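Note: hydrogens, waters and symmetry copies are ignored here, and every other heavy atom, side chains too, is used. A quick note: this is a predicted structure, and the numbers were derived from the prediction, not measured. Note that ligands are numbered from 1 as they come in the structure, with each ligand's atoms numbered from 1 the same way.
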Amino acid sequence: MEEGANLLYKIIDDLEFIRSALPEMGSIYEAEELKEKAKKFIKESRDKIEIFESKAEENPSYFDWDIAKIGTKFGFLSLVIPKEFGGGGTKALPYSVFIEELCSESAGIGNVFGAHALGLTPILLSPYLFSFTHIIKEVVEREKKGEPILFAFGLTEPTGGSDVQQDEKWLKKAKMTTKAQKVKGGYILNGRKVFISNGSVAKYITVFAQTSSPEKMMCLLVNSEMKGFSIGRVEDKMGQKTCHAAELIFEDVFIPDDMVVIPEGNAPLINRVILSTTRAPVGAIATGIAKGAIKKVIEIAEDKDEQFALKISEAISKLFMARMLWITSCTIIDKEGSMKLSQNIIVKLIAKIFSKINSLDQNLTRKLGRKLGDRIKDVFFGVLSRNLKKIESLSSIAKFSSTQLSFEVCNICMEILGEKSVDKSLKIERFLRDVRLTQIYETTNEVNKIILWKNLFA
Ligand SMILES: Cc1cc2nc3c(=O)[nH]c(=O)nc-3n(C[C@H](O)[C@H](O)[C@H](O)COP(=O)(O)OP(=O)(O)OC[C@H]3O[C@@H](n4cnc5c(N)ncnc54)[C@H](O)[C@@H]3O)c2cc1C
């Protein structure tokens with residue numbers, strides 16, 4: 001209780017957060033560079049995106065691989081991969097600036113790249129990271145050849161949404177049906193996931209499954225070519241249509257031991273770490289959409305009179321606040337959260353060694369990586385759980401507030417245009433449909449408020 005009260009006073013009163021939220025100049029330069037890349041990407045693919053958007057409105061299963069291919073030219077699929085493996089080593093703040101820019105043009109396309117990064121995160125935060133060197137390098141090498149490999153993050157189930165994204169207490173009550181059963185040499189996976197972004201187009205999916213009980217959850221890497229894996233329905237959702245949300249079916253899929261990402265029992269903690277790293281960037285998706293709506297309204301509003309001035313000023317001030325929230329939160333994540341791990345000098349050194357061995361012998365890195373993972377896992381999990389309550393609380397605040405404010409901005413933009421706003425051909429209502437989804441994924445806004453309350457008072 002006292003710990004929660006201290007955290008509460010820090011959030012509302014202490015200058016610490018403001019001070020620590022001043023980003024280092026390095027992050028700012030990187031963010032600006034990535035923003036420029038996103039702009040170039042949009043310029044090059046704008047026409048294709050428009051066609052993709054309208055085809056996806058008609059057919060939710062339609063996917064244009066050309067857009068992902070254009071993304072490979074800019075290195076978008078390797079951004080979050082550590083530099084030692086040939087990736088961009090991009091942290092939460094620059095990444096969010098990048099994703100915000102993409103989403104100002106198309107939230108669906110932004111989310112194709114965002115969901116890919118989310119799918120990779122369990123591997124990047126795994127003590128067995130080094131045993132996946134060959135897979136990480138596959139993404140990087142294939143990207144250089146213009147061949148996109150996408151990842152997806154598989155957690156939500158038909159009977160498990162908010163409750164499977166929480167701590168052990170909630171998990172105890174969760175109805176998780178995807179199960180991994182230990183057999184010789186690996187696990188047999190059975191069950192179903194729903195609403196998985198990129199699920200129908202990903203080559204690799206990081207899948208969370210319960211073992212003896214939901215609190216003993218683990219995370220496994222599934223290759224979509226594995227026997228017993230299939231894709232079910234692709235949702236016909238209201239927005240962000242260019243990013244598929246798919247149902248995934250696992251029927252006796254054999255997952256070898258060396259595809260275990262997070263071992264039995266450790267996944268609830270790591271899942272909280274992952275989501276507290278990735279929730280604040282959802283705020284950036286939302287402000288990107290809101291920015292797009294404001295730009296559009298300025299472009300098409302005929303009367304820029306006093307009434308317009310009042311409304312647009314309100315929208316601009318809400319957008320400003322929304323951006324500040326995720327910028328602050330991401331800066332703290334980068335300085336004190338899970339992103340610190342990849343900055344650790346020893347982790348960097350090991351990654352460098354592994355990335356070199358890999359070109360010589362893939363089996364060796366797999367075996368060595370597993371052995372090393374077994375040895376370092378407790379230290380790894382200890383480091384990741386440090387500051388968790390603080391990071392999780394700030395990330396939740398950024399997520400529920402930025403997405404709510406951005407929703408209000410899109411709503412104001414509709415109000416400015418009046419009856420014109422419902423005209424689908426003007427494409428202003430699309431922003432409202434797109435932004436609404438940001439209030440749901442990465443844990444609904446309501447449940448994020450409960451997470452904050454639990455960290456402060458429970
Ligand atoms: C576009 C989109 C993309 C997605 N992408 C992914 C993905 O890539 N990977 C993935 O794993 N999942 C994904 N999801 C799933 C998403 O994370 C879940 O939809 C979300 O966590 C909510 O879960 P649920 O839908 O089961 O709702 P539920 O948890 O059933 O909640 C239903 C309602 O009840 C409220 N509620 C629930 N529990 C409580 C409580 N204790 N107290 C008060 N209110 C409560 C919620 O706020 C909500 O309003 C995606 C969803 C969408 C819409």
Side-chain angles (χ1 to χ4, degrees), residues 56 60 99 103 106-122 150-167 169-178 191-202 204-210 214 217 219-220 222 231-248 250 261-262 267-268 270-272 274-276 278-279 281-282 285-286 289 395-396 399-400 403-404 407 430 433-454 458:
I99 213 81
C103 291
S106 164
I109 299 300
N111 227 8
V112 169
F113 296 108
H116 164 77
L118 173 65
L120 265 167
T121 309
L150 291 175
F151 267 69
F153 179 82
L155 176 65
T156 306
E157 309 199 346
T159 52
S162 307
D163 40 6
V164 292
Q165 306 187 348
Q166 314 299 324
D167 58 20
K169 258 192 204 160
W170 281 46
L171 273 166
K172 267 194 183 127
K173 292 182 268 167
K175 288 190 207 90
M176 204 172 182
T177 52
T178 304
R192 214 147 56 91
K193 297 282 172 187
V194 286
F195 269 99
I196 307 305
S197 301
N198 283 350
S200 53
V201 288
Y204 294 109
I205 307 127
T206 36
V207 177
F208 289 80
Q210 77 161 68
M217 186 162 77
C219 177
L220 303 145
V222 173
I231 297 157
R233 141 189 117 243
V234 175
E235 302 294 339
D236 187 7
K237 52 190 165 52
M238 66 188 278
Q240 304 188 12
K241 296 202 168 197
T242 47
C243 182
H244 291 183
E247 175 187 25
L248 307 179
F250 309 94
V261 182
I262 311 286
I270 298 307
N271 195 26
R272 276 180 71 197
I274 292 167
L275 293 171
S276 55
T278 56
R279 273 180 194 132
V282 174
I285 297 180
I289 300 169
S395 210
S396 285
K399 198 268 175 183
F400 68 69
T403 58
Q404 174 61 29
F407 178 79
R430 192 169 88 193
R433 288 191 278 121
D434 284 345
V435 81
R436 183 63 184 89
L437 299 186
T438 63
Q439 297 180 309
I440 302 171
Y441 53 67
E442 304 254 349
T443 316
T444 63
N445 283 4
E446 295 81 5
V447 175
N448 268 296
K449 288 174 189 167
I450 294 173
I451 292 173
L452 176 65
W453 165 78
K454 280 206 307 184

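- Residues forming a ring pair (Phe, Tyr, Trp, His ring centres under 6.0 Å) with Y204 (at least two apart in sequence, or on another chain): F151.
- The minimum heavy-atom distance between Q404 and N445, with the atom names listed, is N-ND2, 4.2 Å.
- When all heavy atoms are compared, the tightest approach of L220 to A209 is CD1-CB, 4.5 Å.
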Using side-chain contact (heavy atoms from CB on, under 4.5 Å), reason through I289 and F407 one step at a time and then give a plain yes or no. CA-CA 9 Å; I289 300 169; F407 178 79; over 6 Å; no
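- Listed by first and then second residue, the salt bridge (charged side-chain N to carboxylate O under 4.0 Å, His left out) pairs involving residues 237-246 are E57-K241, D236-K241 (not counting sequence neighbours).
- For K454, the side chain to side chain contact (heavy atoms under 4.5 Å, CB included) criterion is met by D167, W170, I450, A458, not counting sequence neighbours.
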N/O to N/O under 3.5 Å, ligand 1 against protein:
from     : atom 1 : to   : atom 2 : distance (Å)
ligand 1 : 5 (N)  : F195 : O      : 2.9
ligand 1 : 5 (N)  : S197 : OG     : 2.8
ligand 1 : 8 (O)  : S197 : N      : 3.0
ligand 1 : 8 (O)  : S197 : OG     : 3.4
ligand 1 : 9 (N)  : F153 : O      : 2.8
ligand 1 : 11 (O) : L155 : N      : 2.9
ligand 1 : 11 (O) : T156 : N      : 2.8
ligand 1 : 11 (O) : T156 : OG1    : 3.1
ligand 1 : 12 (N) : T156 : OG1    : 2.6
ligand 1 : 14 (N) : F195 : O      : 3.3
ligand 1 : 17 (O) : Q165 : NE2    : 3.2
ligand 1 : 21 (O) : Q165 : NE2    : 3.1
ligand 1 : 29 (O) : S162 : N      : 2.9
ligand 1 : 29 (O) : S162 : OG     : 2.5
ligand 1 : 47 (O) : T444 : OG1    : 2.6
ligand 1 : 47 (O) : E446 : OE1    : 3.0

